[in-house]
Number of protein chains: 2
Amino acid sequence: MPVTDRADLDTVLGKAVTILRAFRPDDRVVSLAELVRRTGLHKATVHRLSGDLVANRLLDRADGGYRPSRGLFELGMLASVERSLLELAMPFLQDLYERTHETVHLGVREGHDVVYVAKIGGHRQARAPSRTGGRMPLHCTAIGKALLAYAAPDLRREVLTGPLERRTPHTVVVPSILRGQLRRVTETGVAFEAEESAVGLVCVAAPVLGRGDEPLAAISVAGPTGRFRPEGHVAAVRAAAAALGSTLTRRDLLR
Amino acid sequence: MPVTDRADLDTVLGKAVTILRAFRPDDRVVSLAELVRRTGLHKATVHRLSGDLVANRLLDRADGGYRPSRGLFELGMLASVERSLLELAMPFLQDLYERTHETVHLGVREGHDVVYVAKIGGHRQARAPSRTGGRMPLHCTAIGKALLAYAAPDLRREVLTGPLERRTPHTVVVPSILRGQLRRVTETGVAFEAEESAVGLVCVAAPVLGRGDEPLAAISVAGPTGRFRPEGHVAAVRAAAAALGSTLTRRDLLR
DNA sequence: CACAGCGTATCGCTGAACGAGACGATGTGC
DNA sequence: GCACATCGTCTCGTTCAGCGATACGCTGTG
């Protein structure tokens, strides 16, 4: 029921963007027919526009279909805000990784989702569904809870009253419980997640606070259930987030 | 004289892409007038299309202009080849960083350029002009030389006979000298760069070889002139590249 | 005050984009 | 073997989205 940010389908540009967004992170190639199905556009239109997108180097032809190209990757990296945030954050994420040797995430809020700006991990990387540039609902991830706990009350209310999508059997879908968790986050400065977004994954996160009201981002450390003890990394995550926060404040990263 | 991949300016899509590509990595916001100047398109056209791009969440309005948005970043991350390469490579890049604590790059070839797919660094990061998603000419970077030395003879000839752009006083612009360097690269398995792309920056790289002829990518370690001794990292870079190469081969990263 | 540069808005004209539909190739079940 | 479905590609007449010349108002600036 969200006012889906659906692109304007009456304009060429809108259709092209719709086609691009029809690709999902995990498919290698998508056939013309599949694109038609996903977008709901006319076959001839998708055929023609896909051809144009290839000509403009936003898509590649491959086997029996299309896939997003390197040119699209390059374009995406022009997003200045993400890039400068990423570049400033990288040293701190590296430190954190080196201290923990677990999967480290950096995420920002967009609507009711968290968008992962960076994900770094080593060989024994947890099987996390997160991807750089990917999305997850706020309410079922540690990063999301960290962002939500420190966000504007209006936003928090919105999320708490809206439907809380169940991702795993452990996802917290009861508003009152979630509210309690968020209160604890503001008390302790860290947020936890226990297999709420993906089975087998636990996580601890801390918000990156700037001068403004809304947190600028959040940092998390994730690992597999069992071996990984999130409590053991509280100090490290908190320190990394705080250090990044004061750096960003000093550099005055504008909204 | 390269058949510049200039987008088709007779189509809406081509113009839109042209506008997007008019943004440079380092500008925060770009005014309408500046976009008009850079693209050569009509003022009214840029005005209208920029509006459409904002409506489709590929651009943001900011202060007195536009800038690439988070939506564009997300789209870019759909590029599957880059993403899967990046995800498989990350652990090895992390190891390399941890061993060296210097700036680590992963790059692939695109035309006569290297495109950086990843860049990780710590606090004492070298002041490198490289950026994730950015480009550099092949002939003046360590990664580029590594890719070039192992590339198809045709490509090597093309680059060597074409103009060799001078980036710094140290850029190698004499074909015969460059050819000699490339020969040494194939003999030793590593490529060097000494302030050839940016003053104050030295670099050592090794190719990531797969089953095919063309190298899949290259890995480099970079640091500031003076303190940083590239020779000291030869073994580490070579090891990382080899390990990644065999992993990619095993996983059969196609094309 | 004159002028230049900017963002925005208007408005007829025209050709790019549209989508119904045809067509050939391939695959699949009977 | 045939009937049928699915797919990618292409054609073609219609029409409306996109076009750009032009105008306007709002800055600064000499």
Side-chain angles (χ1 to χ4, degrees), chain A residues 5-24 27-69 72 75 78 80 254-255, chain B residues 5-24 26-69 71-72 75 78 80 254-255:
Chain A
D5 37 39
R6 86 170 32 264
D8 184 359
L9 289 188
D10 288 344
T11 183
V12 206
L13 203 56
K15 289 176 203 174
V17 172
T18 302
I19 291 177
L20 289 178
R21 290 207 225 271
F23 288 86
R24 316 233 177 89
D27 31 42
R28 301 191 67 81
V29 297
V30 180
S31 69
L32 177 63
E34 179 61 20
L35 285 176
V36 170
R37 243 172 272 122
R38 293 187 190 177
T39 58
L41 296 173
H42 191 279
K43 183 170 41 161
T45 304
V46 178
H47 182 252
R48 182 166 16 89
L49 282 184
S50 299
D52 288 353
L53 286 169
V54 170
N56 285 295
R57 307 216 348 259
L58 300 189
L59 289 182
D60 281 341
R61 297 203 101 99
D63 312 322
Y66 303 89
R67 71 167 168 223
S69 76
L72 192 62
L75 267 191
L78 290 174
S80 53
L254 312 173
R255 88 130 256 103
Chain B
D5 37 41
R6 82 171 37 260
D8 184 359
L9 289 188
D10 287 344
T11 183
V12 206
L13 204 57
K15 289 177 203 175
V17 173
T18 302
I19 291 177
L20 290 178
R21 290 207 224 273
F23 288 86
R24 315 231 177 90
D26 12 48
D27 32 41
R28 302 191 66 81
V29 297
V30 179
S31 69
L32 179 63
E34 178 62 18
L35 285 176
V36 171
R37 243 172 272 122
R38 292 187 190 177
T39 59
L41 295 172
H42 192 279
K43 183 170 45 160
T45 303
V46 178
H47 182 251
R48 181 167 17 91
L49 281 184
S50 299
D52 289 353
L53 287 168
V54 170
N56 285 295
R57 308 218 346 261
L58 300 189
L59 289 183
D60 281 341
R61 297 203 100 97
D63 313 320
Y66 304 89
R67 69 167 169 222
S69 77
L72 193 61
L75 267 192
L78 290 174
S80 53
L254 311 175
R255 98 135 260 99

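What you are looking at is a predicted structure, and each value in this text was computed from that prediction instead of being measured. First the proteins, then the strands, lettered A, B, ... as listed; each starts at 1.
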Tell me whether the side-chain N/O atoms of A:His42 come closer than 4.0 Å to OP1 or OP2 in C:dC18. no
Nearest whole Å is fine: how far is D:dC7 P from A:Arg61 CZ? 16 Å
The residue, A:Gly65 or B:Asp52, whose nearest nucleotide of DNA chain D is more 5′ is A:Gly65
Of the candidates D:dG20, C:dG19, D:dG8, the side chain of B:Ala44 sits closest to D:dG20
Does B:Lys15 make a side-chain N or O approach to OP1 or OP2 of D:dC19 shorter than 4.0 Å? yes
Options C:dC18, D:dG8, D:dG18, nucleotide nearest the side-chain atoms of B:Val12: D:dG18
So, OP1 or OP2 of D:dG8: does either fall under 4.0 Å of a side-chain N or O from A:His47? no
Taking side chain to side chain contact (heavy atoms under 4.5 Å, CB included) as the criterion, tell me which of A:Leu20, A:Asp60, A:Leu58, A:Leu35 meets it with A:Tyr66. A:Leu35
Spacing of A:Lys15 atom NZ and A:His42 atom NE2 [to the nearest 0.5 Å]: 10.5 Å
Calculate the interatomic distance between B:Leu13 atom CG and C:dA17 atom C1'; express it in whole Å. 12 Å
Under 4.0 Å, heavy atoms only, any strand: does B:Ala33 hit a base, just the sugar-phosphate, or nothing? sugar-phosphate
Out of D:dC10, D:dC19, C:dT8, which nucleotide sits closest to the side chain of B:Leu49? D:dC19
Find the distance between CG (B:Leu59) and CZ (B:Arg61) and round it off to the nearest 0.5 Å. 9.5 Å
Using whole Å, what does the distance between atom P of nucleotide C:dC6 and atom CG of B:Leu35 come to? 12 Å
Phosphate OP1/OP2 of D:dC19 contacted by B:Arg48 side-chain N/O (<4.0 Å): yes
Mark yes or no for a side-chain to base donor-acceptor pair under 3.5 Å between B:Lys43 and D:dG20, with no hydrogen or angle criteria applied. no
What is the distance from atom CG of A:Leu13 to atom CG of B:Asn56, rounded to the nearest 0.5 Å? 5.0 Å
Test salt bridge (charged side-chain N to carboxylate O under 4.0 Å, His left out) applied to A:Asp27 and A:Arg38, step by step: CA-CA 13 Å; A:Asp27 31 42; A:Arg38 293 187 190 177; 3.0 Å; yes
Check the phosphate of C:dA16 against B:Thr11, side-chain N and O only, distance under 4.0 Å to OP1 or OP2. Yes or no? no
Is the phosphate of D:dT6 approached by A:Arg37 (side-chain N or O, under 4.0 Å from OP1 or OP2)? no
